[in-house]
Amino acid sequence: MLEIKNVSKSFGDKKVLDNFTISMNLGEILAVVGPSGGGKTTLLRCISGLEEMDTGDILIEGEKVDPQRPQEEKNRIGVVFQEFNLFPHLSVMDNLILAPVLVSEKSKAAAKTEAQTILNNLGLGDKAGNYPFQLSGGQKQRVAIARALLMKPRVLCYDEPTSALDPALRDSVAENILLLKEENVTQIIVTHDHEFAKKVADQIIEVSPIK
């Protein structure tokens, strides 16, 4: 079980999250929806360690996780950014293997083998040598997912995964997310897209700005 308990976060005098609490079974998909300013992205950034929580705990199978510290593989939390954050001067393959080699100290050969397998599974098997500028928005999205998956996260968070994508690409992203569910990856999706949330999520939570 993944438990997010009493997470609060303020920026100056502005409280963005106030004792946010949710629990979900491992392998489930949670969608957090709502208007801008409701704290969706801040919640995701707290869960993934990009922002420090003022208060709160995150537990995976009862074990407390500090997202801001290096995590053991069994409790690793990954994130797929809205802007993808791919390095433009690196090929798709080099973007993918950078973290496994530098952070997980995996050999380049092993990292490339795993990366190619994931690219094949995501329909990008022929794109390993391409550069980000040669990819469509949907392809960049899938490369960002592949990069996160190479770190073998227990929990994978997405920031607006369907923004600026046409309907066909939205469906492709939905299919990828549901395939990861079959592999028991727990997923948290921050989105404005209610229809997309209904298509993929086991739980949907609506948030709104704190007054």
Parallel, tilted or perpendicular: rings of Y131 and F133 (30°, 60°)
parallel
Measure the spacing between [atom1] of [X] and [atom2] of [Y] and express it to the nearest 0.5 Å.
X	Y	atom1	atom2	answer
F20	I4	CZ	CD1	6.0 Å
L119	L96	CG	CG	5.0 Å
T117	L150	OG1	CG	9.0 Å
I47	T42	CD1	OG1	11.0 Å
K199	L178	NZ	CG	9.0 Å
L149	N176	CG	CG	9.0 Å

Linking I/L/V/M/F/W/Y whenever their side-chain heavy atoms sit closer than 4.5 Å, directly or via other members, would [X] and [Y] fall into one cluster?
X	Y	value
L180	V80	yes
L59	I205	no
M151	L98	no

Does [X] reach the main-chain N or O of [Y] with its side chain, forming a donor-acceptor pair under 3.5 Å?
X	Y	result
R142	L122	yes
E28	Q187	no
E182	L179	no
S23	E3	no
K9	E52	yes
N95	L86	no
S10	G12	no
Q141	P161	yes
N120	Q116	yes

Is there a side-chain contact between [X] and [Y], using heavy atoms and a 4.5 Å cut-off?
X	Y	answer
V65	I77	yes
V143	L135	yes
Y158	T191	no
L43	V190	no
M53	S8	no
L50	F81	yes
M24	M1	no
I189	I177	yes

Does Q134 have more than 12 heavy atoms from other residues, nucleotides or ligands lying within 6.0 Å of its CD?
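Enclosed.
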Flag yes if more than 12 heavy atoms outside K15 fall under 6.0 Å of its NZ atom; otherwise flag no.
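Yes, NZ of K15 has more than 12 neighbouring heavy atoms, counting only those of other groups under 6.0 Å.
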Carefully, step by step, assess V185 and L26 under the rule side chain to side chain contact (heavy atoms under 4.5 Å, CB included).
CA-CA 7 Å; V185 178; L26 295 177; over 6 Å; no
Where is the tightest heavy-atom contact between [X] and [Y], given as atom of each residue plus distance?
X	Y	value
V79	L156	N-CD1, 4.0 Å
G34	H192	O-CD2, 3.6 Å
I58	P67	CD1-CG, 3.7 Å
P132	K140	O-CE, 3.0 Å
L17	G39	CD2-O, 3.6 Å
P35	V207	CD-O, 3.4 Å

Please report the C-alpha distance between T55 and V7 in whole Å, then the side-chain angles of each, then the deciding distance to 0.1 Å, and finally whether the side chain to side chain contact (heavy atoms under 4.5 Å, CB included) criterion is met.
CA-CA 5 Å; T55 62; V7 172; over 6 Å; no
Any chance you could lay out the side chain to side chain contact (heavy atoms under 4.5 Å, CB included) test for E51 and F11, step after step, and finish with the verdict?
CA-CA 11 Å; E51 292 282 357; F11 295 100; 4.0 Å; yes
Using a strict threshold of under 4.0 Å (side-chain N to carboxylate O), is an ion pair present between [Y] and [X]?
X	Y	answer
E114	K152	yes
K181	D202	yes
K40	D159	no
K64	D57	yes
E61	R154	yes

Tell me, with the steps shown, if V92 and L124 meet side chain to side chain contact (heavy atoms under 4.5 Å, CB included).
CA-CA 10 Å; V92 166; L124 296 171; over 6 Å; no
